[in-house]
Structure formats: C-alpha cells, structure tokens
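Accompanying notes for the structure given below.
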Amino acid sequence: MKKILIIGSNGQLGNCIRKIAPDFENRYEFIFTDSQTLDITDEDQVNDFFYDNKPDFCINASAYTAVDFAEKEKEKAFAVNAEGVEFLAKACAEYKTVLIHISTDYVFDGETNLCYAEDDFTNPIGVYGESKRTGEELALEANPHTIILRTSWLYSEFNKNFVKTMLNLFSQKDELGIVADQYGQPTNANDLAEAIMNIIEAPQKIFGIFHFSNYPETTWFNFAEKIAEFSKSSVKLNALTTEQYPTPAKRPKRSTMCLDKIEEVYKIEPKYWETSLEECINILTK
Ligand SMILES: NC(=O)c1ccc[n+]([C@@H]2O[C@H](COP(=O)([O-])OP(=O)(O)OC[C@H]3O[C@@H](n4cnc5c(N)ncnc54)[C@H](OP(=O)(O)O)[C@@H]3O)[C@@H](O)[C@H]2O)c1
C-alpha cells in the first residue's frame with residue numbers, strides 16, 4: 001500500500017486531509033505528523049523520519065503563516081517556509097517521494113489587471129511571500145518530483161481564518177470596516193485537500209507549479225458580505241481602502257491566479273467560491 005506523509009496535520013489544510021482520509025484508506029496508508037512529531041526545521045529529524053517511513057507522497061501542509069508577524073520574525077518564517085522545505089525536498093529526492101508543497105498568491109506583487117499564470121514573474125512584497133517563494137525555488141531545485149500548489153485566501157471550519165474571524169466579530173459588533181480594494185480568490189481548504197488527493201490518484205504525474213483556488217476573484221469586502229449573508233447576520237459592513245486599514249505587512253492589491261493549467265493537466269475544476277463558502281458556513285453555524 002502506498003504511503004502518504006502529511007506534514008503539519010494540525011493546520012487547516014492538514015485537518016481537511018485528515019477529514020477525507022477515510023475515503024482513501026483502502027488504497028493508501030496515511031501518516032499524520034505535527035510540529036511536535038516532525039519539526040521540518042530539524043534536518044536530522046526529517047532524515048530519520050524518511051529513513052524509517054519511506055513515504056511515496058509527502059504533502060507539506062505546514063508553514064509559518066502569520067503574514068504580519070513575519071515582518072518582525074524573518075528568521076522564523078524562512079526557517080519553516082524555506083529551509084525546512086529544502087530539508088523535506090532533499091529527503092524526498094533521496095527516497096523518490098513525490099513532494100506536494102503548498103505555496104501562496106503572495107509570491108506576486110499584485111500590480112496587474114490580469115490573472116497570474118504559473119510562470120509569471122514573482123515579486124513578493126512582504127517577508128511571508130518572500131519566504132514562500134524561496135521555499136518554492138528550493139523545493140523545485142532539490143527534488144525533481146515536486147508539485148507546488150499555489151493557493152489563496154484559505155479558510156475552513158478548522159483553526160484561525162478570515163471566515164471564522166468574521167463570524168466571531170459579527171457576533172460582537174453592529175458595524176465593521178472591511179478592505180474593499182484588494183482582490184483575490186477565496187479557497188475552501190476542503191477543496192484544496194480534495195484537489196491534492198486527485199493529483200495523488202492521477203495515473204500520470206506532471207511536476208512543477210500549479211495554481212488552485214476557488215473562483216472568480218472578489219474583494220475582502222464582498223467576501224465578508226457573503227459571510228454575513230450566509231450566516232444571516234445583520235452586521236453593517238463599511239468598505240475601507242487599504243490606506244484606511246494599515247497592516248504591518250503589505251498585501252498584494254490583486255493577486256488573482258489563472259486556474260486553467262491544473263484544469264488542463266489534472267482535470268481539476270475549481271469550484272465557485274460562493275458555493276464553497278456556503279458549505280463552510282453551514283458547517284460552522286449548524
Ligand atoms: N491561510 C491562508 O490564507 C493561506 C493562503 C495561501 C496559501 N497558504 C498556504 O497553505 C498552506 C496551508 O496553510 P494553513 O492555513 O492550513 O496553515 P495553518 O493552519 O497555519 O497551519 C500550519 C501548520 O504548520 C505547522 N508547522 C509550523 N511550523 C512547523 C514546523 N517547523 N514543522 C512542522 N510543522 C510546522 C503548524 O503546526 P503547530 O501549530 O503545531 O505549530 C500548523 O499546524 C501553507 O503552506 C500556507 O502557506 C495559506
């Protein structure tokens with residue numbers, strides 16, 4: 001039976017993979033690890049783990065994801081998002097493991113009116129994006145069997161994310177200001193987990209970078225409006241400009257990614273974001 005190692009299983013994506021794993025347990029053995037059982041910044045631990053387990057697939061769902069803190073914790077962000085990824089990729093190369101590594105739309109600067117294709121020029125504008133871009137490069141360099149999935153605006157019923165923060169704030173406030181001039185594509189982490197399993201099941205693997213998100217693009221303001229609508233909240237939302245809501249890390253203005261490559265190569269059709277959001281809100285509010 002083929003082995004799938006999941007790194008960072010306690011994160012949003014890790015939990016979503018855990019949720020669907022029972023559907024695949026007759027074909028794959030899943031090994032779920034967290035930062036306690038496998039810390040990717042410890043090269044010896046990574047090598048020992050691979051030596052003991054020799055996985056066929058490694059899904060790296062781990063990351064340093066605190067976009068604003070990263071501005072002050074550059075070393076920490078790079079340790080997990082770049083160096084740790086290289087340790088994993090090198091171990092994968094040693095055991096011919098397919099590495100499925102998750103990256104972000106924040107590798108782009110957001111200064112475009114078109115969607116970003118996989119091979120478009122990257123130019124991260126914050127430390128988090130920089131560390132993730134370096135991780136992409138190191139992973140591709142160290143292991144020829146690497147598939148990078150860039151995703152965006154990830155949320156789920158698990159852990160901390162924009163949807164859960166909004167629901168929480170809606171229950172405490174009558175009025176909220178939300179940024180309305182940043183564009184991107186929300187992604188339900190359950191859809192990403194499904195896409196990853198589809199790739200693992202694909203008879204032929206094409207390696208390299210792919211974009212995966214829900215679609216079409218929207219703004220944080222419109223996203224919040226839909227969260228309010230689906231959760232039947234009467235909160236009043238006010239549109240803000242980025243200047244009116246300063247954050248330690250700059251965000252790309254428009255980081256919408258083109259999704260046709262993953263559709264053509266792996267026949268994975270991204271879902272409409274409102275449909276996936278409604279599914280998540282139904283879980284969170286039932
Ligand atoms: N969240 C978003 O909006 C977003 C957007 C675009 C792309 N992404 C990417 O999508 C992927 C999944 O994100 P997510 O939101 O599911 O992340 P998450 O919920 O923040 O979870 C990240 C996990 O990584 C683990 N981790 C951190 N350092 C580690 C280490 N040294 N060794 C092993 N595990 C470690 C954490 O474990 P502990 O809790 O035990 O420390 C945590 O469970 C990441 O690659 C992220 O960069 C996320």
Side-chain angles (χ1 to χ4, degrees), residues 5-19 31-46 49 58-70 73 75-89 91 99-108 110 116 124 126-136 138-139 146-166 182 184-193 195-196 209-214 220 223 247 249 251-252 255-257 273 277 280:
L5 167 63
I6 297 96
I7 314 278
S9 314
N10 289 339
Q12 295 196 75
L13 175 61
N15 270 296
C16 293
I17 296 168
R18 206 191 284 274
K19 191 170 133 186
I31 308 167
F32 291 99
T33 62
D34 56 31
S35 59
Q36 300 298 310
T37 48
L38 180 49
D39 176 353
I40 62 164
T41 64
D42 182 337
E43 190 171 17
D44 289 339
Q45 213 184 329
V46 169
F49 201 93
C58 171
I59 304 171
N60 183 21
S62 78
Y64 177 104
T65 53
V67 176
D68 286 320
F69 280 118
E73 296 188 331
E75 260 182 44
K76 251 184 162 174
F78 270 79
V80 182
N81 294 344
E83 229 176 279
V85 175
E86 186 179 27
F87 297 154
L88 275 182
L99 173 61
I100 301 179
H101 174 64
I102 314 303
S103 192
T104 170
D105 55 329
Y106 282 17
V107 298
F108 298 113
Y116 284 106
V127 170
Y128 167 74
E130 245 181 78
S131 66
K132 293 292 291 185
R133 176 60 190 147
T134 307
E136 290 183 351
L138 293 170
T146 293
I147 296 168
I148 291 177
L149 294 180
R150 287 189 188 132
T151 191
S152 55
W153 297 20
L154 207 60
Y155 67 89
S156 67
E157 67 268 40
F158 304 107
N159 300 39
K160 278 208 288 194
N161 55 63
F162 183 76
V163 173
K164 290 178 77 178
T165 302
M166 286 300 115
Q182 286 170 24
Q185 300 186 126
T187 307
N188 187 327
N190 288 288
D191 295 338
L192 177 58
I196 291 170
I209 302 179
F210 294 85
H211 290 169
F212 178 85
S213 68
N214 293 138
W220 292 110
F223 190 19
T247 50
R251 266 76 172 165
S255 56
T256 304
M257 299 185 296
W273 72 261
L277 173 64
C280 181

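Counting from 1, the numbers follow the sequence of the chain as shown. Both counts, for ligands and for their atoms, begin at 1 and track the order of listing. Because the structure is a prediction, the values reported are computed rather than measured.
Within the set G8, A63, A193, the minimum heavy-atom distance to atom 27 (C) of ligand 1 is found for A63. Nearest to atom 23 (C) of ligand 1 by heavy atom, out of S62, S35, A77, is S62. The option from Q12, K132, K160 that lies nearest to atom 1 (N) of ligand 1, judged by heavy atoms, is Q12. If you check each of I102, D105, V46 against atom 10 (O) of ligand 1, the one with the closest non-hydrogen atom is I102.
Not a single N or O atom of S152, backbone or side chain, sits closer than 3.5 Å to an N or O atom of ligand 1. Any N or O atom pair closer than 3.5 Å counts here, and V80 shares no such pair with ligand 1. Looking at D39 next to ligand 1, an N or O pair under 3.5 Å apart turns up. An N or O contact shorter than 3.5 Å is missing between G14 and ligand 1 by distance.
Protein heavy atom nearest atom 4 (C) of ligand 1, with residue, atom name and distance: L154 CB, 3.6 Å. Taking atom 32 (N) of ligand 1 as the reference point, the nearest protein heavy-atom neighbour is I40 N, 3.1 Å. If you check which protein heavy atom lies closest to atom 43 (O) of ligand 1, you get G11 N, 3.1 Å. Protein heavy atom nearest atom 6 (C) of ligand 1, with residue, atom name and distance: T151 O, 3.3 Å. Protein heavy atom in closest approach to atom 17 (O) of ligand 1: T65 CG2, 3.6 Å.
The aromatic rings of W273 and F223 stand perpendicular to each other, their planes meeting at an angle above 60°, with 30° marking the opposite boundary. Ring geometry for Y128 against Y106 counts as perpendicular: the plane angle is over 60°, on a 0 to 90° scale with 30° as the lower cut.
No part of A79 comes within 4.0 Å of ligand 1, judged by heavy-atom distances. Contact annotation: for Y106 versus ligand 1, there are no heavy atoms closer than 4.0 Å. The side chain of Y128, and not its backbone, has at least one atom closer than 4.0 Å to an atom of ligand 1 (non-hydrogen atoms only; side chain from C-beta on). Heavy atoms of S103 found under 4.0 angstrom from ligand 1 belong exclusively to the backbone.
Close contacts of ligand 1 with L38, meaning ligand atoms under 4.0 Å from a residue heavy atom, involve 32 (N), 33 (C). The contact set between ligand 1 and L13, taken as ligand atoms under 4.0 Å from a residue heavy atom, comprises 16 (O). Against a heavy-atom cut-off of under 4.0 Å, T41 is close to the following atoms of ligand 1: 31 (N).
Remark: E136 engages R133 in a salt bridge, criterion side-chain N to carboxylate O under 4.0 Å. Using a 4.0 Å cut-off between a side-chain N of Lys or Arg and a carboxylate O of Asp or Glu, K132 and D105 do not qualify as a salt bridge.
Between the side chain of N188 and the backbone N or O of L277 there is no donor-acceptor pair closer than 3.5 Å. Of the possible polar contacts, none joining the R150 side chain to the I148 backbone as a donor-acceptor pair under 3.5 Å is found. Between the side chain of T33 and the backbone N or O of I6, at least one donor-acceptor pair lies under 3.5 Å. Judged by distance alone, with hydrogens and angles left aside, the side-chain atoms of S9 form no donor-acceptor pair with the main-chain N or O of G14 at under 3.5 Å.
Atom CG in L99 sits 10.0 Å away from atom CD1 in I59 (nearest 0.5 Å).
Remark: distances from the non-hydrogen atoms of G84 to ligand 1 are all 4.0 Å or more. At least one heavy atom of W153 sits less than 4.0 Å from an atom of ligand 1.
Distance remark: protein heavy atom not present below 4.0 angstrom from atom 39 (O) of ligand 1. Within a 4.0 Å radius of atom 36 (C) of ligand 1, the protein has no heavy atom.
Applying the salt bridge (Lys or Arg N to Asp or Glu O under 4.0 Å) rule to D42 yields no partners; only residues at least two apart in sequence or on another chain are considered.
A 4.5 Å side-chain heavy-atom check between N60 and I102 finds every atom pair outside the cut-off.
Side chain to side chain, Q36 and N10 fail the donor-acceptor criterion of an N or O pair below 3.5 Å. A side-chain donor from one of Q12 and S156 sits under 3.5 Å from a side-chain acceptor of the other.
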Inset, instruction - For K19 and E157, run side chain to side chain contact (heavy atoms under 4.5 Å, CB included): C-alpha distance rounded to whole Å, both residues' side-chain angles, the deciding distance at 0.1 Å, then the answer. - result: CA-CA 11 Å; K19 191 170 133 186; E157 67 268 40; 2.6 Å; yes

